[in-house]
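Data block below; observations after.
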Amino acid sequence: MKKILPALLVAASAALLAAPASAQFAKSEDAIKYRQGALFVMSQHFGRLGAMANGKAPFDAKVAQENAAVLETMSKLPWAAFGDGTEGGKAKPEVWKEKAKFTEHADKFQAESAKLVAAAKTGDLAQLKNAFGPAAQSCKACHDAFRNR
């Protein structure tokens, strides 16, 4: 809990700054670092949920709830850093060429993250497993279409 609370505070603060985030980037490199950082933090919390959902870590309802909450908050952040002129990093050019499709993927992931939070709040591993699969698929679909390996 001691590690989760500061992360939640950082995530909440970052969420407040996400709307004007594109105006905060003096250089495209700053936007790339921002989105990669947000996506990395998301992947860490998503991975912890996945480990529980896939039986690779013991299920702990409280830990699942905490990680799902951080994931949902973080799921709102990286998208502001994909503005025009921020091409590069691991993102394919299709992010900017197919902006509507990219936005659909981001919206889908945010919706699946909210479902994952709801499932985690039940304290039921079966519900977490059921919500984890579609959330993982939304990540994979976006990565397949828009991320260079």
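Computation of the quantities below employed the complete heavy-atom set of this structure, encompassing side-chain atoms and omitting hydrogens, waters and symmetry-equivalent molecules. One-based numbering along the sequence shown.
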- Smallest heavy-atom separation, Thr86 atom then Ala81 atom, equals OG1-O, 3.3 Å
- Item | Distance, nearest 0.5 Å, that separates NE2 of His143 from OG of Ser138 | 9.0 Å
- Task: Could you list the residues that satisfy side chain to side chain contact (heavy atoms under 4.5 Å, CB included) with Lys115, not counting sequence neighbours?
- Result: Glu112
- Item | Pairs where residues 118-143 contributes a residue and the test salt bridge (charged side-chain N to carboxylate O under 4.0 Å, His left out) is met, not counting sequence neighbours | Lys140-Asp144
- Item | Test side chain to side chain contact (heavy atoms under 4.5 Å, CB included) applied to Asp107 and Gln110, step by step | CA-CA 5 Å; Asp107 292 345; Gln110 289 176 61; 4.1 Å; yes
- Query: In terms of hydrophobic clustering (I, L, V, M, F, W, Y; side-chain heavy atoms under 4.5 Å; direct or indirect links), are Val117 and Val41 co-clustered?
  - Reply: no
- Item | Within residues 103-125 or reaching into it, pairs that qualify as ring-ring contact (aromatic ring centres under 6.0 Å, His included) - sequence neighbours excluded | His105-Phe146
- Item | Derivation of the side chain to side chain contact (heavy atoms under 4.5 Å, CB included) call for Phe102 and Cys142 | CA-CA 7 Å; Phe102 180 71; Cys142 190; 4.1 Å; yes
- Message: By the side-chain hydrogen bond (donor to acceptor under 3.5 Å, both in side chains) test, which pairs, at least two apart or in different chains, include something from residues 51-60?
- Response: none
- Specify the closest pair of heavy atoms between Ala135 and Leu116, including all atoms of both residues, with the distance to one decimal. CB-CD2, 4.3 Å
- Message: Can you tell me how far apart CZ (Phe25) and NZ (Lys33) are? Round to the nearest 0.5 Å.
- Response: 12.0 Å
- Which distance, rounded to the nearest 0.5 Å, do you find between the CD of Glu29 and the CD1 of Ile32? 6.0 Å
- Message: Once rounded to the nearest 0.5 Å, what's the spacing between atom CZ of Phe40 and atom NE2 of His45?
- Response: 9.5 Å
- Not counting sequence neighbours, list each pair that qualifies as a side-chain hydrogen bond (donor to acceptor under 3.5 Å, both in side chains) and has a residue in residues 88-103. none
- Message: Tell me if a side-chain donor or acceptor on Glu87 pairs with a main-chain N or O of Gly85 at a distance below 3.5 Å.
- Response: yes
- Met42-Val70 co-clustered via ILVMFWY side chain contacts under 4.5 Å: yes
- Task: Please report the closest heavy-atom contact between Tyr34 and Pro78, naming both atoms and the distance.
- Result: CE2-CA, 4.4 Å
- Query: Under the side chain to side chain contact (heavy atoms under 4.5 Å, CB included) criterion, do Met52 and Val63 qualify, and how do the steps go?
  - Reply: CA-CA 10 Å; Met52 285 187 262; Val63 171; 3.9 Å; yes
- Item | Closest heavy-atom pair and its distance - Gln36, Gly89 | NE2-CA, 3.8 Å
- Message: Can you list everything that forms a side chain to side chain contact (heavy atoms under 4.5 Å, CB included) with Ala114? Sequence neighbours excluded, please.
- Response: Glu72
- Query: Where is the tightest heavy-atom contact between Leu128 and Phe59, given as atom of each residue plus distance?
  - Reply: CD2-CE1, 3.8 Å
- Message: Would you compute the distance between atom CG of Asp84 and atom OG of Ser28 and round it to the nearest 0.5 angstrom?
- Response: 12.0 Å
- Note on the structure: In this structure, CZ of Arg35 is separated from CG of Asp30 (nearest 0.5 Å) by 11.0 Å
- Message: I'd like to know if the side chain of Thr73 and the backbone of Ala69 have a donor-acceptor N/O pair within less than 3.5 Å.
- Response: yes
- Minimum-distance pair of heavy atoms, taken over all atoms of Ala91 and Asn148: O-ND2, 3.6 Å
- Taking only Lys NZ, Arg NE, NH1 and NH2, and the carboxylate oxygens of Asp or Glu, determine whether Lys62 and Glu66 approach each other closer than 4.0 Å. yes
